[in-house]
2 protein chains.
Amino acid sequence: MAKAISMQALQRLPLYLQYLRSLPAENETNISAKALGNALGFGEIQVRKDLSSVSDGGKPKIGYLTADLIRDIESFLGYDNVNDAVLVGAGKLGKALLSYQGFRAYGLNIIAAFDRNPEALGKDESGKQILPLSKMENLCRRMKVEIGIITVPAPEAQGVCDALVKSGIKAIWNFAPTHLKAPKEIMVKNENMAASLAVLSKSLAKKENMPQQI
Amino acid sequence: MAKAISMQALQRLPLYLQYLRSLPAENETNISAKALGNALGFGEIQVRKDLSSVSDGGKPKIGYLTADLIRDIESFLGYDNVNDAVLVGAGKLGKALLSYQGFRAYGLNIIAAFDRNPEALGKDESGKQILPLSKMENLCRRMKVEIGIITVPAPEAQGVCDALVKSGIKAIWNFAPTHLKAPKEIMVKNENMAASLAVLSKSLAKKENMPQQI
DNA sequence: TAGATTGTTAATCGATTAACAATC
DNA sequence: TAGATTGTTAATCGATTAACAATC
């Protein structure tokens with residue numbers, strides 16, 4: 001436990017968590033690496049290796065205790081203490097993310113949105129405030145917000161990124177289809193729809209050596 | 001040219017393309033691997049290797065011709081012949097994707113949406129039809145649709161996946177936070193927001209050995 | 001020509017998988 | 001006990017990077 005974990009393994013952990021949470025609580029008190037792997041299309045050795053960074057272990061013959069494993073993954077990923085975030089760009093995608101209740105289960109809480117368009121300001125359907133960009137830095141610093149979500153069109157994204165950095169944000173979740181330049185201490189996670197489409201499009205064009213799921 | 005390409009390289013190609021398209025057409029008639037890499041945060045050797053699967057080559061001292069490179073990447077990714085898609089789940093996220101004009105540039109054309117809720121049916125703001133699920137198989141077969149986009153809540157996603165497969169779809173773009181079981185000849189690309197959040201959340205919790213951008 | 005830049009072959013690095021001993 | 005399942009060490013595989021020859 002508390003060992004190094006690869007970037008790939010880190011990104012598989014939420015998948016384990018999703019699946020474990022979906023199990024009926026009463027029945028499945030324990031689960032084997034093999035069963036978990038089968039459910040998600042991973043090999044059992046990989047599952048054990050992944051879980052070894054997180055849990056202090058299953059029991060031979062029994063497997064892992066489901067409830068413990070859920071708790072261990074949540075705690076490893078920091079989902080048990082909520083991260084506040086702000087979102088910039090209250091267009092359709094921005095509003096969809098603002099309204100999505102599911103982020104709570106991943107420890108993400110979007111506290112407010114910002115938009116440069118005065119028409120967009122006010123309370124969103126989600127009940128969250130959409131504020132002018134001029135209020136961003138002050139709010140972020142006051143609330144110690146560390147995550148910024150960018151859902152503006154590509155040409156505006158770099159400017160928004162700069163403003164978020166200036167507001168003291170530590171990590172950026174970028175939905176704009178463009179590469180952002182940010183100081184090296186700021187983590188940027190790109191939600192790369194174009195890359196996904198490339199994989200889909202290519203898989204239709206030629207069947208050779210494509211994995212089934214990605 | 002026309003060589004094997006790794007899955008990672010495949011997913012970087014759209015990033016090159018995005019950047020190249022964003023350049024002012026008149027000025028930059030050519031670009032070096034180094035300049036491209038600098039713009040996107042990749043090493044120049046990686047850029048050359050990636051492009052070697054796609055283009056029939058740059059010229060020493062000059063680099064790649066921007067216009068040719070754009071055309072070569074588009075053609076390699078199949079963006080020049082448009083793929084029709086259907087979308088299932090006309091909630092907020094579904095509607096955001098329906099309205100997004102940018103997919104055209106990646107060769108994706110969503111021709112219609114489906115929803116099980118009768119209230120949701122009719123013309124969307126985007127001008128696209130939202131139809132009952134009962135019409136899906138017929139429409140997909142008639143139009144030879146090969147891509148299905150899933151934007152329903154997790155518990156409904158597997159059923160929708162099965163229905164898409166039954167409708168003759170060949171590739172699935174899954175936005176539901178759940179793993180799908182599909183026949184092995186069907187390619188499934190998961191848009192994994194939970195995995196992204198894991199990376200962000202972890203980067204805030206501990207600074208050690210995290211890449212800056214992902 | 002010299003220098004910038006290319007493409008490729010070989011070395012390195014990191015992630016996955018196989019093999020196997022430990023244990024309930 | 002035998003068998004299922006664990007965790008870890010070593011081998012394999014694949015992707016990235018370094019080194020270098022080719023060329024405009």
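Letters A, B, ... are given to chains in the order of the sequence lines, protein chains preceding strands, and every chain is numbered from 1.
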ask   = Nearest nucleotide by nearest heavy atom, which residue falls closer to the 5' end of DNA chain D, B/Ile45 or B/Pro60?
value = B/Ile45
message = At 4.0 Å (heavy atoms only), tell me whether A/Ala33 reaches a base, stays on the sugar-phosphate, or touches nothing.
response = sugar-phosphate
request  = Select base, sugar-phosphate, or nothing to describe what B/Gly63 touches, counting heavy atoms under 4.0 Å on all strands.
outcome  = sugar-phosphate
message = Under 6.0 Å from the ring centre and within 45 degrees of the ring axis: does the NZ or CZ of A/Arg48 meet both conditions for the six-membered ring of A/Tyr16?
response = no
ask   = Does NZ or CZ of A/Lys202 fall inside the cone over B/Phe76's six-membered ring, less than 6.0 Å from its centre and within 45° of the axis?
value = yes
key: Pairing partner of D/dC13 (Watson-Crick or G-U wobble, both distances under 3.5 Å)   = C/dG14
Paired nucleotide for C/dA22 [Watson-Crick or G-U wobble; both distances under 3.5 Å] = D/dT5
For [X] and [N], what is the distance between atoms [atom1] and [atom2] respectively, to the nearest whole Å?
X: B/Arg48; N: C/dA4; atom1: CZ; atom2: P; answer: 14 Å
X: A/Gln46; N: D/dC13; atom1: CD; atom2: P; answer: 16 Å
X: A/Lys49; N: C/dA19; atom1: NZ; atom2: P; answer: 15 Å
X: B/Asn30; N: D/dC24; atom1: CG; atom2: P; answer: 15 Å

Of the listed nucleotides ([options]), which one gets closest to any side-chain atom of [X]?
X: B/Gln8; options: C/dT16, C/dC24, D/dT16; answer: D/dT16
X: B/Ser6; options: D/dA4, C/dT6, D/dT16; answer: D/dT16
X: A/Arg12; options: C/dT16, C/dT5, D/dT6; answer: C/dT16
X: A/Lys59; options: D/dA18, C/dC24, C/dA15; answer: C/dC24
X: B/Ser32; options: C/dT5, D/dG7, D/dT9; answer: C/dT5

message = For A/Tyr100, give me all partners under ring pair (Phe, Tyr, Trp, His ring centres under 6.0 Å), at least two apart in sequence or on another chain.
response = A/Phe103
